[in-house]
Amino acid sequence: MNNIIEALNRRYATKKFDTNKKINQEDFTTLLESLRLAPSSFGLQPWKFIHVKTPEIRTELQNNSRGQAQVTEASDLIVIAVKTTMDENDVEEYTQSIQKIRAVNVSEISEADIKKLLDYKNMMIGTITSRTPEQIKSWNQKQAYIAMGFLLETCAILGIDACPMEGFDPNKYDEILWLDKLWLTATVVIPVGYRSSEDKYADLTKVRFDKEEVVIEK
């Protein structure tokens, strides 16, 4: 536990990255896996994780991120994009995935269990179809922050620095990354890498309210 708390205390929103230090492939694969394994409502995973590697694209994105240098200076750049719309096909894709991964043979399970699966599927469909497109988009965007949280903690444990960012033009990001063509929208941007020794924020004491101020026990 102490190692986890130490890692979280060391973590901060890195403002200046060391441009000469890169994340190794094994660690970066772990970061992507932490995103992939993040929980989501019903398990529907309404997201895509874009690893932006092309320098020219990252420069273009920086120009639409209030000029923030982290976008181009960090070792790697991850954009979490979410679906702007969902329907029965998304539920069908997920239920088929359940059957495939868990090797469910419908012919070998009881009628009661089949009914449970159908009831669960219909509940998901009902939830989605009862919401407006704007509500679906908002719902999915909230879930993006769950995935981001998993990524940030994994970074902290691995000693990798990160800077979660909302200060960008999502419409331009969608256009540059062709996300709008895929019915996706950029929700949060996370440059990841290693802090520069010149980052004046690196050694500042973390400011958090005391436990007694934020934890309510009933």
Side-chain angles (χ1 to χ4, degrees), residues 1-41 45-53 55 58-59 61-62 64-82 140-170 173 177 185-217:
M1 176 178 175
N2 288 338
N3 290 339
I4 294 175
I5 299 303
E6 182 180 345
L8 293 177
N9 269 309
R10 181 182 179 278
R11 190 214 68 79
Y12 75 111
T14 305
K15 301 298 186 291
K16 187 172 181 59
F17 286 89
D18 185 339
T19 57
N20 296 313
K21 195 170 182 181
K22 304 300 180 183
I23 301 172
N24 66 53
Q25 187 57 54
E26 181 180 359
D27 282 348
F28 192 76
T29 297
T30 300
L31 297 186
L32 293 181
E33 279 295 280
S34 73
L35 286 166
R36 190 180 70 86
L37 294 171
S40 59
S41 293
Q45 306 156 70
W47 47 44
K48 299 293 182 185
F49 309 117
I50 297 88
H51 178 203
V52 186
K53 299 189 285 186
R58 287 178 64 171
T59 297
L61 293 176
Q62 181 189 359
N64 291 281
S65 306
R66 302 177 186 172
Q68 296 177 88
Q70 299 99 309
V71 174
T72 53
E73 290 183 350
S75 170
D76 295 272
L77 183 69
I78 297 171
V79 177
I80 300 181
V82 299
N140 290 344
Q141 287 178 318
K142 289 176 182 177
Q143 295 175 68
Y145 289 88
I146 301 175
M148 184 184 73
F150 268 55
L151 174 64
L152 293 180
E153 182 158 9
T154 302
C155 282
I157 292 170
L158 293 176
I160 294 171
D161 294 302
C163 183
M165 295 168 47
E166 284 188 321
F168 65 94
D169 184 337
Y173 264 63
L177 297 173
T185 186
T187 298
V188 66
V189 177
I190 312 107
V192 292
Y194 298 95
R195 65 190 66 182
S196 168
S197 60
E198 299 177 1
D199 191 346
K200 63 182 181 180
Y201 295 95
D203 297 321
L204 295 179
T205 303
K206 189 179 293 294
V207 178
R208 294 292 187 272
F209 294 121
D210 291 337
K211 182 179 71 174
E212 292 75 16
E213 295 185 64
V214 296
V215 177
I216 299 175
E217 296 182 351

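This is a predicted model, so every value here is computed, not measured. Along the sequence shown, the residues carry numbers beginning at 1. Values below: all heavy atoms of this structure, side chains included; hydrogens, waters and symmetry mates excluded.
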* Please assess Leu152 against Phe150 for the test side chain to side chain contact (heavy atoms under 4.5 Å, CB included), listing each intermediate value before the final yes or no. => CA-CA 6 Å; Leu152 293 180; Phe150 268 55; over 6 Å; no
Between [atom1] of [X] and [atom2] of [Y], what distance do you get to the nearest 0.5 Å?
X: Leu32; Y: Gln25; atom1: CG; atom2: CD; value: 8.0 Å
X: Lys16; Y: Cys163; atom1: NZ; atom2: SG; value: 13.0 Å
X: Glu217; Y: Glu212; atom1: CD; atom2: CD; value: 9.0 Å
X: Leu151; Y: Leu37; atom1: CG; atom2: CG; value: 12.0 Å
X: Ser196; Y: Lys21; atom1: OG; atom2: NZ; value: 11.0 Å

* Evaluate the criterion side chain to side chain contact (heavy atoms under 4.5 Å, CB included) for residue pair Ile80 and Met148; output intermediate values, then yes/no. => CA-CA 8 Å; Ile80 300 181; Met148 184 184 73; 4.0 Å; yes
* Is the side chain of Lys15 donor-acceptor paired with the backbone N or O of Ala13 at a distance under 3.5 Å, no angle test? -> yes
* **Check: Asp27 side chain, Ile23 main-chain N or O, donor-acceptor pair, under 3.5 Å** => no
* Strictly by modelled atom types, are Thr29 and Glu33 linked by a side-chain donor-acceptor pair under 3.5 Å? -> no
* Donor-acceptor pair between Ser65 and Tyr173 side chains, under 3.5 angstrom ->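 There is such a pair between these side chains.
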Is there a side-chain contact between [X] and [Y] (heavy atoms, below 4.5 Å)?
X: Phe28; Y: Ile160; answer: no
X: Asp199; Y: Tyr12; answer: yes
X: Ile78; Y: Leu35; answer: yes
X: Glu153; Y: Arg11; answer: no
X: Asp18; Y: Ser197; answer: no
X: Cys155; Y: Leu31; answer: yes
X: Val79; Y: Thr187; answer: no

Of all the heavy-atom pairs spanning [X] and [Y], show the shortest one and how long it is.
X: Gln68; Y: Gln62; answer: O-CG, 3.3 Å
X: Thr19; Y: Lys22; answer: O-NZ, 3.2 Å
X: Ala186; Y: Phe168; answer: CB-CE1, 3.8 Å
X: Phe49; Y: Ala147; answer: CE2-CB, 4.1 Å
X: Val82; Y: Gln141; answer: CG2-CG, 3.6 Å
X: Val214; Y: Phe209; answer: CG1-CB, 3.7 Å

* Asked: If you draw a 6.0 Å radius around NZ in Lys211, do more than 12 non-hydrogen atoms from other residues or ligands fall strictly inside?
  -> no
* Asked: Would one find more than 12 heavy atoms of other residues, nucleotides or ligands at under 6.0 Å from atom OH of Tyr201?
  ->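 Not more than 12 within 6.0 Å, no.
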Which atom pairs, donor and acceptor, lie under 3.5 Å between side-chain atoms of residues 188-195 and protein residues at least two apart or in another chain?
residue : atom : partner : partner atom : Å
Arg195  : NE   : Asp161  : OD1          : 3.0
Arg195  : NE   : Asp161  : OD2          : 3.1
Arg195  : NH2  : Arg10   : O            : 3.1
Arg195  : NH2  : Asp161  : OD1          : 2.6

* Would you please test Gln143 and Ser41 for side chain to side chain contact (heavy atoms under 4.5 Å, CB included) and show each step? => CA-CA 7 Å; Gln143 295 175 68; Ser41 293; 3.5 Å; yes
* Please identify each residue that fulfils side chain to side chain contact (heavy atoms under 4.5 Å, CB included) with Glu26, with sequence neighbours left out. =>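 Per chain and number, Glu26 pairs via side chain to side chain contact (heavy atoms under 4.5 Å, CB included) with Asn24.
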* To do: Begin from the C-alpha positions of Val52 and Asp76 and carry the test side chain to side chain contact (heavy atoms under 4.5 Å, CB included) through to its verdict.
  => CA-CA 7 Å; Val52 186; Asp76 295 272; over 6 Å; no
